[in-house]
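To start, the structure itself, in structure tokens.
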Amino acid sequence: MAERVGLAAIPTRELERLLEEVRRGSLTPPLSKPALAAAQLGRLWDRLSRYAPLDAAGLTAVLETALSERAAAAAPYVELVWTGPEGRNAWSRPTAQVVRELFERARSSVLLAGYSFDHGQEILEPLHAAMRDRNVAVDMYLHIGRAPRKETDLQRHAENELVSFLARNWPFGPPHPVLHYDPRTLHHRSVESLHAKCIVIDERLTLIGSANFTDRGQSRNIEVGAEIEDASFARALINQWKSATAAGVFVEWKGDFVAEE
């Protein structure tokens, strides 16, 4: 696969944001590296420097053309997402930044699956804000660990674990996400786990990779992922989770949220 250069190497959302900044006059051409940095777009300078001499009308025309051609082609856009230190010439985006931006961009729906969670007050706060402020519907698929050997009521174990999850990672109160789990993981002899980590936003944007929704996974480990801008892929992934749920692989929790508030 040939390496993208110039405008082709810039994600659609950042081209759209750049165009918006130019249109409203908060970023005034000719472009400069300090001006882009002030607009929190400084990392785009290497890709945009050739267009620096253009005036506002010229830059607007270039950006509109690029976005129109990209929409017409409807080609998936894939960007590398990374947690941890990296080399000087690397081109990736930090996992924690991508996760926050995805939650902040959600307008209708979010599907989130994860194996491990902590620091939910920081990581999941923008997701709660999306639900509260924009009525975004959220489905979460969670791993629940094995019950103690002496616990015979596996449903009670699941209830306790989900209440504990909310208390530790969703201290905001309502609205609450719809929670799902895999009942195969509950038995003390279970060898299964829900180990997937992904986010799907508005049936269009997907983040999929190795990072858990933990402080280590988001900011300290070495983790690799991909952000994919492609509606077909996003819908296929959503369908995978939904069809498995319909087949009974996952169970929706019908518990009382009041218990953990």
Side-chain angles (χ1 to χ4, degrees), residues 3-4 7-18 20-21 36-37 39-47 70 75-131 133-134 136 138-142 169 177 195-238 241:
E3 181 181 1
R4 294 186 176 101
L7 296 182
I10 300 176
T12 299
R13 68 180 175 281
E14 292 189 337
L15 283 181
E16 291 171 340
R17 187 174 161 211
L18 177 62
E20 180 182 353
E21 297 285 344
L36 286 171
Q40 298 184 334
L41 293 168
R43 79 187 198 99
L44 304 183
W45 173 249
D46 289 343
R47 270 69 178 176
R70 191 171 291 185
Y77 187 91
V78 181
E79 186 173 22
L80 176 64
V81 179
W82 179 268
T83 301
E86 56 186 349
R88 175 178 295 181
N89 296 321
W91 181 258
S92 66
R93 300 181 66 225
T95 303
Q97 177 186 337
V98 171
V99 169
R100 172 169 284 275
E101 288 180 0
L102 287 174
F103 291 156
E104 289 174 345
R105 295 182 68 192
R107 292 296 179 270
S108 59
S109 65
V110 174
L111 185 149
L112 183 155
Y115 174 75
S116 182
F117 292 78
D118 64 36
H119 290 74
Q121 185 162 359
E122 294 82 25
I123 297 171
L124 300 178
E125 185 279 329
L127 180 60
H128 176 260
M131 298 184 70
D133 301 339
R134 300 188 294 279
V136 172
V138 177
D139 283 279
M140 295 181 68
Y141 289 80
L142 308 175
N169 292 289
H195 205 246
K197 301 99 178 175
C198 65
I199 302 172
V200 186
I201 303 293
D202 297 341
E203 299 188 5
R204 185 172 69 92
L205 296 168
T206 302
L207 173 65
I208 191 164
S210 65
N212 282 309
F213 296 92
T214 62
D215 179 62
R216 290 180 60 187
Q218 299 286 302
S219 61
R220 293 191 281 135
N221 291 349
I222 299 292
E223 306 282 359
V224 177
E227 183 181 1
I228 304 165
E229 187 172 342
D230 182 65
S232 295
F233 179 81
R235 287 193 291 266
L237 183 54
I238 289 172
W241 289 99

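Residue numbers count from 1 along this sequence. Below, each value reflects all heavy atoms present in this structure, side chains not excepted, and no hydrogens, waters or symmetry copies. Keep in mind it's a predicted model, so treat the numbers as computed, not measured.
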### Task
Could you give me the CA-CA distance, side-chain angles and deciding distance for Glu203 and Ser109, then say whether side chain to side chain donor-acceptor pair (under 3.5 Å) is met?
CA-CA 7 Å; Glu203 299 188 5; Ser109 65; 4.9 Å; no
Flag yes if more than 12 heavy atoms outside [X] fall under 6.0 Å of its [atom1] atom; otherwise flag no.
X: Glu16; atom1: CD; answer: yes
X: Gln40; atom1: CD; answer: no
X: Arg216; atom1: CZ; answer: no

### Message
Assess the residue pair Phe103 and Leu124 against the criterion (side chain to side chain contact (heavy atoms under 4.5 Å, CB included)); give the C-alpha distance rounded to whole Å, side-chain angles, the decisive distance to 0.1 Å, and a yes or no.
### Response
CA-CA 8 Å; Phe103 291 156; Leu124 300 178; 4.2 Å; yes
Let me confirm one number: the [atom1]-[atom2] distance from [X] to [Y], rounded to the nearest 0.5 Å.
X: Tyr77; Y: Asp230; atom1: OH; atom2: CG; answer: 13.5 Å
X: Ser219; Y: His119; atom1: OG; atom2: NE2; answer: 8.0 Å
X: Leu112; Y: Met140; atom1: CG; atom2: CE; answer: 5.0 Å
X: Asp118; Y: Thr214; atom1: CG; atom2: OG1; answer: 5.0 Å
X: Ile208; Y: Ile228; atom1: CD1; atom2: CD1; answer: 6.0 Å
X: Leu41; Y: Leu18; atom1: CG; atom2: CG; answer: 6.0 Å

Can you tell me if [X] uses its side chain to pair, donor with acceptor, with the backbone of [Y] under 3.5 Å?
X: Gln218; Y: Asn212; answer: yes
X: Ser210; Y: Val224; answer: yes
X: Arg100; Y: Pro126; answer: no
X: Trp82; Y: Gly84; answer: yes
X: Asn221; Y: Ala211; answer: no

### Message
side chain to side chain contact (heavy atoms under 4.5 Å, CB included) for Val138 and His128? Distances and angles first, verdict last.
### Response
CA-CA 9 Å; Val138 177; His128 176 260; over 6 Å; no
### Message
Exactly one of Ile201, Leu102, Asp139, Asp202 should register a side-chain contact (heavy atoms from CB on, under 4.5 Å) with Val110. Which one does?
### Response
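Exactly one candidate clears the test, Ile201.
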Where do [X] and [Y] come nearest, in terms of heavy atoms and distance?
X: Pro85; Y: Ile222; value: CD-CD1, 3.8 Å
X: Arg93; Y: Val98; value: NH1-CG2, 3.4 Å
X: Glu86; Y: Ser92; value: OE1-OG, 2.5 Å
X: Arg204; Y: Ala234; value: N-CB, 3.5 Å

So that I can tick it off, tell me whether [Y] and [X] are bridged by a salt bridge, with the cut-off set at under 4.0 angstrom between side-chain N and carboxylate O.
X: Glu14; Y: Arg43; answer: yes
X: Arg105; Y: Glu101; answer: no
X: Glu79; Y: Arg13; answer: yes

### ring pair (Phe, Tyr, Trp, His ring centres under 6.0 Å) partners of Phe233, counting only residues at least two apart
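Ring pair (Phe, Tyr, Trp, His ring centres under 6.0 Å) check on Phe233 returns nothing, list empty.
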### Task
Please work out whether the ring planes of Tyr141 and Trp241 are parallel, tilted or perpendicular, with thresholds of 30° and 60°.
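Ring orientation of Tyr141 relative to Trp241: tilted.
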### Stepwise side chain to side chain contact (heavy atoms under 4.5 Å, CB included) test for Leu237 and Cys198
CA-CA 9 Å; Leu237 183 54; Cys198 65; 4.2 Å; yes
### Task
Only counting residues at least two apart or in another chain, list the ones meeting side-chain hydrogen bond (donor to acceptor under 3.5 Å, both in side chains) with Ser116.
none
### Task
Verify whether one side chain among Thr83 and Arg220 offers a donor that lies under 3.5 Å from an acceptor in the other.
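Absent: no donor and acceptor within the cut-off.
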### Query
Any side-chain heavy atom of Asn169 within less than 4.5 Å of one from Phe213?
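Of all side-chain heavy-atom pairs linking Phe213 with Asn169, none is under 4.5 Å.
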### Task
Kindly indicate, with the supporting measurements, whether the criterion side chain to side chain contact (heavy atoms under 4.5 Å, CB included) is fulfilled by Tyr115 and Lys197.
CA-CA 7 Å; Tyr115 174 75; Lys197 301 99 178 175; 4.1 Å; yes
